[in-house]
Amino acid sequence: MTTFKLQQILRRTERNRAEPAEKAQPAGDLASAISQLIAEQVEARVSEALERQRDRLQPTGPRLQSLMRTPAPSSEPAPRTPAPSMPKDLTALIHRDAKGRAAWIEIGGLRFDVQRNELGRITRMVQREESPVLPPLEIPFKASAREYNPGEPR
């Protein structure tokens, strides 16, 4: 007395049961020799790969011993690590515009422009790139150019 479900399961397992595949019989002597050579080569390569894998997984004696050896305890105390230095305090100056909103901020000598969205909320701060103030150029001049007389031709 089997139910319909059990019958379905039985049929499915019988269908899924793998039957051994039949070896194809080569049609001639040359074909059989080629297939035999291929089978030998495959078998040799597989056995070599398995050997290499086995050698890799089983470490050699001296190397294994060196890994298992523990260092000898020393009588000297371990050197003290230096105490971490405290970070420097950063000061931030907030420069405001006429409406009282932050226009730009100066933090540790760096200047950041404040960017806002359409609602007036701060979205990000971008570092302001300023070129350094250069000393005035020394322009060579003629002494006669300094002495200007409007009635005299140059």
Side-chain angles (χ1 to χ4, degrees), residues 1-140:
M1 291 179 55
T2 57
T3 63
F4 179 71
K5 276 281 192 198
L6 287 176
Q7 289 174 355
Q8 278 185 330
I9 294 172
L10 284 173
R11 274 189 250 136
R12 212 176 294 147
T13 54
E14 287 174 7
R15 260 187 277 148
N16 291 341
R17 189 173 297 146
E19 297 178 10
E22 296 178 16
K23 290 188 176 181
Q25 296 296 328
D29 293 333
L30 183 61
S32 65
I34 291 173
S35 65
Q36 185 178 3
L37 282 174
I38 291 173
E40 289 173 3
Q41 287 294 321
V42 167
E43 188 64 34
R45 288 183 184 179
V46 166
S47 63
E48 287 175 14
L50 286 174
E51 253 180 61
R52 274 187 267 131
Q53 187 178 20
R54 229 178 276 122
D55 290 344
R56 238 182 306 155
L57 293 176
Q58 296 174 354
T60 59
R63 183 167 183 266
L64 180 62
Q65 294 299 325
S66 67
L67 290 175
M68 300 299 278
R69 200 174 315 131
T70 57
S74 65
S75 59
E76 298 176 13
R80 292 187 57 119
T81 57
S85 60
M86 295 300 293
K88 287 196 258 178
D89 292 335
L90 290 177
T91 58
L93 295 172
I94 301 173
H95 300 273
R96 300 185 179 275
D97 58 5
K99 294 181 181 179
R101 300 184 310 177
W104 56 279
I105 300 173
E106 188 175 351
I107 302 173
L110 298 174
R111 291 185 178 180
F112 296 94
D113 286 327
V114 174
Q115 294 185 349
R116 300 177 180 276
N117 62 4
E118 62 275 357
L119 299 175
R121 294 187 181 136
I122 297 175
T123 55
R124 65 182 188 157
M125 295 189 305
V126 180
Q127 186 173 353
R128 183 186 292 179
E129 298 290 331
E130 291 182 359
S131 59
V133 178
L134 300 174
L137 295 174
E138 293 185 21
I139 302 172

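Just so you know, these numbers use all the heavy atoms, side chains as well, and skip hydrogens, waters and symmetry mates.
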Can you check whether Asp113 reaches Met125 side chain to side chain, under 4.5 Å on heavy atoms?
no
Residues forming a side chain to side chain donor-acceptor pair (under 3.5 Å) with Arg101, sequence neighbours excluded:
none
Please say whether more than 12 non-hydrogen atoms of neighbouring residues, nucleotides or ligands are located less than 6.0 Å from CD in Glu43.
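Not buried by this count: 12 neighbours or fewer within 6.0 Å.
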I would like to know whether Val126 and Phe112 meet side chain to side chain contact (heavy atoms under 4.5 Å, CB included); could you show each step before the answer?
CA-CA 5 Å; Val126 180; Phe112 296 94; over 6 Å; no
Give, for atom [atom1] of [X] and atom [atom2] of [Y], the distance between the pair rounded to the nearest 0.5 Å.
{"X": "Glu106", "Y": "Arg128", "atom1": "CD", "atom2": "CZ", "result": "9.0 Å"}
{"X": "Gln127", "Y": "Glu129", "atom1": "CD", "atom2": "CD", "result": "5.5 Å"}
{"X": "Gln8", "Y": "Thr3", "atom1": "CD", "atom2": "OG1", "result": "9.0 Å"}

With Thr123, the side chain to side chain contact (heavy atoms under 4.5 Å, CB included) member among Arg116, Glu118, Gln115
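Single pass found, and it is Gln115.
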Which heavy atom of [X] sits nearest to which heavy atom of [Y], and what is that distance?
{"X": "Ala102", "Y": "Ile94", "answer": "CB-CG2, 3.7 Å"}
{"X": "Thr13", "Y": "Leu10", "answer": "OG1-O, 2.8 Å"}
{"X": "Leu90", "Y": "Gly108", "answer": "CD2-CA, 4.3 Å"}

Hey, mind stepping through Leu93 and Ile105 against side chain to side chain contact (heavy atoms under 4.5 Å, CB included) and telling me if it holds?
CA-CA 6 Å; Leu93 295 172; Ile105 300 173; over 6 Å; no
